[in-house]
There are 2 protein chains.
Amino acid sequence: MSNRSYVQLKARLLDEASVAALAETFKVLGDTTRVRILDALARAEVPVCDLAQLLGLSQSAVSHQLRLLRSMRLVKSRRDGRHIYYVADDHHIVGLFEQGLEHVQERRS
Amino acid sequence: MSNRSYVQLKARLLDEASVAALAETFKVLGDTTRVRILDALARAEVPVCDLAQLLGLSQSAVSHQLRLLRSMRLVKSRRDGRHIYYVADDHHIVGLFEQGLEHVQERRS
DNA sequence: TGAACATATGAACGATTGCTCACATGTTCA
DNA sequence: TGAACATGTGAGCAATCGTTCATATGTTCA
């Protein structure tokens, strides 16, 4: 690799903040439990207890993950009586999911 | 949530294999070192030693990550003399990066 | 009000991750 | 061939992660 290309490449790399934000976003999606939660919440608004039962997880585990997802604004919540309904809060997420699926499906062939 | 909606939702959820593949893909992208490596290799074909110097990482750390990225076919390699050149091997990755960046940038506002 | 239900949360524990270190493998060239 | 360079890799370690358990908080309704 020539010294000139090396310098030019270095100048074009993503800045530190973008790298960190990008990795953080992908990291949240990089867990099967959170993928399943987001998949469900992208399709319907569901209270925590139903979500736990639907996915066969403990209420506590779901609640912990929802806190993380909410802190990253990937889901939002709304209280109705003693239930708290969660739903996906980001149209980009659906796009990322679909593009991720495309990638995964291409791998199969 | 009505019992009917619950059953219908459960039937529409992603299958287990897709969930696993999706999470695995995102997990690989969920690390700043790998994001930086992929960012560089999406722009140019670079030998390992240059990559390490470019990113300020040890040769060993880069090599370990490249093995992972190659096992998932996100990068490919080519030997030329004693150098081994790596480059991104997936057009979907660039799309995922861009969509991830969109997401990240929207968060700022 | 108090029992029952729904959710949140902190501590703790085992599992996984990403790095370093030491060294093996592979290539060039004098 | 052997020294120098480039890369790969296994072991080990500190840090992070995801879960469970116990318990706190918040809401409903008889």
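Quick note on labels: first sequence line is chain A, next is B, and so on, each numbered from 1. Owing to the predicted nature of the structure, the values given are computational and were not obtained by experimental measurement.
When the side-chain nitrogen and oxygen atoms of A/Gln65 are compared with OP1 and OP2 of D/dT19, one or more of them lie within a distance under 4.0 Å. Taking side-chain N and O atoms only, A/Arg70 has no distance below 4.0 Å to OP1 or OP2 of C/dT9.
Expressed to the nearest 0.5 Å, how far CG of A/Leu96 lies from OG1 of B/Thr25 amounts to 12.0 Å. Atoms CD and CD1, from A/Gln99 and B/Ile93 in turn, are 9.0 Å apart once rounded to the nearest 0.5 Å. For the atom pair CG (A/Leu29) and CG (A/Leu74), the distance works out to 6.5 Å, reported to the nearest 0.5 Å. A/Glu24 CD to B/Thr32 OG1: the interatomic distance, rounded to the nearest 0.5 Å, is 11.0 Å.
Rounded to whole Å, the distance from CZ on B/Arg67 to C1' on C/dG18 is 13 Å. We find that CD of B/Gln59 is positioned 14 Å from P of C/dA22, with the value rounded to whole Å.
Applying the side-chain contact (heavy atoms from CB on, under 4.5 Å) test to B/Arg43 and every residue at least two apart in sequence or in another chain returns A/Leu9, A/Arg12, A/Leu13, A/Leu14, B/Asp39. Residues forming a side-chain contact (heavy atoms from CB on, under 4.5 Å) with A/Asn3 (at least two apart in sequence, or on another chain): A/Val7.
The stretch residues 23-35 of chain B touches DNA chain C through B/Lys27, B/Asp31, B/Thr33, B/Arg34, each having a heavy atom within less than 4.0 Å of the strand. The stretch residues 39-50 of chain B has no heavy atom under 4.0 angstrom from DNA chain C at all.
Using a 4.5 Å heavy-atom threshold, the side chains of A/Val104 and B/Ser18 count as separate. Looking at B/Lys27 and A/Val35, their side chains never come closer than 4.5 Å, going by heavy atoms from C-beta outward.
Closest-nucleotide positions on DNA chain D for A/Leu57 and A/Arg79 were compared, and the one nearer the 5' end corresponds to A/Leu57.
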Please list, one pair per line, the donor and acceptor atoms closer than 3.5 Å that link side chains of residues 48-70 of chain A to other protein atoms, with sequence neighbours excluded.
| residue | atom | partner | partner atom | Å |
| --- | --- | --- | --- | --- |
| A/Ser58 | OG | A/Ala61 | N | 3.0 |
| A/Gln65 | OE1 | A/Arg34 | NH1 | 3.0 |
| A/Arg70 | NH1 | A/Ser77 | OG | 3.2 |

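Ring stacking is absent between B/His64 and C/dC19, as the pair misses the limits of under 5.5 Å between centres and under 30 degrees between planes.
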Are there any protein N/O atoms within less than 3.5 Å of an N/O atom in nucleotides 28-30 of chain C, and if so, which ones and at what distance?
none

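Nucleic acid contact for B/Ser63: base, since at least one base atom lies under 4.0 Å from a heavy atom of the residue. A/Tyr86 comes within contact range of the sugar-phosphate backbone alone, with a heavy-atom separation under 4.0 Å but no base atom that close.
The aromatic rings of A/Phe26 and B/Phe26 sit parallel to each other, their planes meeting at less than 30°, with 60° as the upper class boundary.
Of the candidates C/dA8, C/dC21, D/dG18, C/dC21 carries the atom nearest the B/Ser60 side chain, counting heavy atoms from C-beta on.
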